[in-house]
Amino acid sequence: MAGVFSYESSEIDWCEDNYRHSEHVVESFNTMSSFIFFIISPIMLYLLHPYAKERNLAIHLVWVMMIFVGLFSAYFHMTLSFVGQMLDELSILWVLAVGYAVWFPRRLFPSFIKDRSTFSKLVLLVTVISSVSSFVKPTANAYALNCFGLHLLYTLIMEMKCCTDQKALRLAKLSVALWVLAISCWISDRFGCSFWQRINFCYLHGFWHILIVIAVAYGSTLIAYLDIPYSLPGLQFWPCDKWAVGLPHIVLKGTPKTEKRC
């Protein structure tokens, strides 16, 4: 049992050189880049709070769980232990589960599902089964999780087909671009390691951490925008909307409840 907590007991080893900067940290940059979750998540909890109060406070679980993703990711890359790997991957799985439960479009529910409560129970059941199954072949877990990401991307594209709101469309393009860039870093680090080692640049998995948490911030704000049934005064960016960069959020104060175009 103690072996699963041991350093490098995981079958996965990312491209970054091990123990390069510390004898106590296996992958220093990958560990440090995981702390971006601790920065972005509290900010998004604050920015999405007005929307969560309007719709459902359970929405906060997405970004609360993202803090745990950052914690377990840092632990995994610090130790490359089997337990660290499983905690990292299972926390991502449960973030996806919460996202499906609170945001998946009702019109895309299976025909035998009539309400969100039943759908959430189905998601819970599938997630529990997936959590148990993840111990069967742990090296396949990351690929399965990325398949969920592809399904969410497909769902977003289907939702945006009937949207003519230019601000929402721009945010959707930014969200997809960030996700594509992030997954490109993940794939390149996983399968192109020999090339990156030759040029002494083995940090793409760390950039995946940074890009994916920003992509989730953009994507979750877009989903929140689509989830509100009435028009919004506009999507804004924190900390300064004039920059048109930063973390996006929606504003509800003083919103006229008229029909919107998404």
Side-chain angles (χ1 to χ4, degrees), residues 36-72 90-109 113-128 130-131 145 148-149 151-160 163 165 167-168 171-172 174-176 178-179 212-239 246-255 257 260 262:
I36 189 68
F37 289 84
F38 297 105
I39 298 172
I40 301 296
S41 298
I43 295 174
M44 291 306 299
L45 278 169
Y46 170 75
L47 293 177
L48 287 177
H49 183 61
Y51 158 73
K53 284 197 305 182
E54 175 80 11
R55 300 298 280 170
N56 189 343
L57 288 175
I59 288 160
H60 281 321
L61 286 174
V62 172
W63 285 102
V64 170
M65 288 296 298
M66 287 290 282
I67 295 174
F68 284 96
V69 171
L71 175 65
F72 295 141
L90 288 176
S91 62
I92 296 172
L93 174 64
W94 282 87
V95 167
L96 291 170
V98 172
Y100 270 101
V102 301
W103 276 324
F104 194 73
R106 190 182 299 270
R107 66 182 183 84
L108 298 179
F109 283 179
I113 300 294
K114 303 304 181 184
D115 55 69
R116 187 162 298 276
S117 175
T118 305
F119 179 75
S120 298
K121 291 175 183 176
L122 177 62
V123 169
L124 176 62
L125 176 62
V126 172
T127 306
V128 170
S130 300
S131 297
L145 290 171
F148 281 111
H151 180 253
L152 288 172
L153 181 63
Y154 168 78
T155 302
L156 176 62
I157 292 172
M158 295 301 293
E159 284 293 284
M160 295 303 298
C163 183
D165 189 307
K167 291 181 180 179
L171 187 59
L174 288 171
S175 302
V176 172
L178 283 165
W179 184 84
I212 197 63
V213 73
I214 298 175
V216 173
Y218 276 59
S220 62
T221 302
L222 175 62
I223 293 169
Y225 186 91
L226 297 174
D227 184 52
I228 295 289
Y230 48 83
S231 65
L232 300 174
L235 292 159
Q236 297 185 6
F237 285 85
W238 181 91
L247 296 177
H249 63 103
I250 57 178
V251 179
L252 297 177
K253 186 176 181 180
T255 301
K257 297 187 177 183
K260 65 178 184 181
C262 278

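From a predicted model like this one, the values you see are computed outputs, not experimental measurements.
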**side-chain contact (heavy atoms from CB on, under 4.5 Å) assessment of Phe37 paired with Leu71** = CA-CA 8 Å; Phe37 289 84; Leu71 175 65; over 6 Å; no
**Asked** Stepwise, does the side-chain contact (heavy atoms from CB on, under 4.5 Å) test hold for Tyr225 with Asp165?
**Response** CA-CA 11 Å; Tyr225 186 91; Asp165 189 307; 2.5 Å; yes
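Looking at residues two or more places apart in sequence or on another chain, you find a ring pair (Phe, Tyr, Trp, His ring centres under 6.0 Å) between Phe38 and Phe35. Residues satisfying the side chain to side chain donor-acceptor pair (under 3.5 Å) test with Trp103, not counting sequence neighbours, are Tyr51. In this structure, the side chain to side chain contact (heavy atoms under 4.5 Å, CB included) partners of Leu122, at least two apart in sequence or on a different chain, are Phe112, Ile113, Val126. Taking Leu125 as the reference, Ile129 meet the side chain to side chain contact (heavy atoms under 4.5 Å, CB included) condition, with sequence neighbours excluded. In this structure Phe109 satisfies the ring pair (Phe, Tyr, Trp, His ring centres under 6.0 Å) test together with Phe119, sequence neighbours excluded. The side chain to side chain contact (heavy atoms under 4.5 Å, CB included) test applied to Lys53 returns His49, Leu57, not counting sequence neighbours. Legend: residues meeting side chain to side chain contact (heavy atoms under 4.5 Å, CB included) with Ile214, ordered by chain and number and at least two apart, are Leu178, Ile210, Tyr218. Among residues two or more places apart in sequence or in another chain, the side chain to side chain donor-acceptor pair (under 3.5 Å) test is passed with Thr155 by none.
The two residues Gly219 and Ser175 make their nearest non-hydrogen contact at N-OG, 3.5 Å. Closest heavy-atom contact between Ala172 and Met160: CB-CE, 3.9 Å. Taking both residues in full, the closest heavy atoms of Gly149 and Trp179 are given as C-CZ2, 4.2 Å, listed atom of the first, atom of the second, then distance. Across all non-hydrogen atoms, the minimal contact from Met65 to Ser91 is CE-O, 4.0 Å. The heavy-atom pair separating Ser220 from Met44 by the smallest distance is OG-CE, 4.2 Å. For Ala217 against Pro248, the heavy-atom pair with the smallest separation is O-CG, 4.1 Å.
Looking only at distances, no side-chain donor or acceptor of Asn56 sits under 3.5 Å from a matching main-chain atom of Ile59.
Between the CE atom of Met66 and the CG atom of Leu45 there is a distance of 10.5 Å, given to the nearest 0.5 Å. Atom CD1 of Ile223 sits about 11.5 Å away from atom CD1 of Ile250, to the nearest 0.5 Å. Here the CG-CG distance, from Leu174 to Leu222, works out to 10.0 Å after rounding to the nearest 0.5 Å. Atom NE2 in His249 sits 11.0 Å away from atom CD1 in Ile43 (nearest 0.5 Å). The distance from atom CD1 of Ile40 to atom CD1 of Ile212, rounded to the nearest 0.5 Å, is 12.5 Å. Atom CD1 of Ile67 sits about 12.0 Å away from atom CD1 of Ile39, to the nearest 0.5 Å.
Residue pairs that meet the salt bridge (Lys or Arg N to Asp or Glu O under 4.0 Å) test with at least one member in residues 93-107, sequence neighbours left out, are Arg107-Glu159.
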Taking distance alone, no hydrogens or angles, what donor-acceptor pairs closer than 3.5 Å link side-chain atoms of residues 93-102 to residues at least two apart or in another chain?
unit_1	atom_1	unit_2	atom_2	d
Trp94	NE1	Ser131	OG	3.1
Tyr100	OH	His151	ND1	2.6

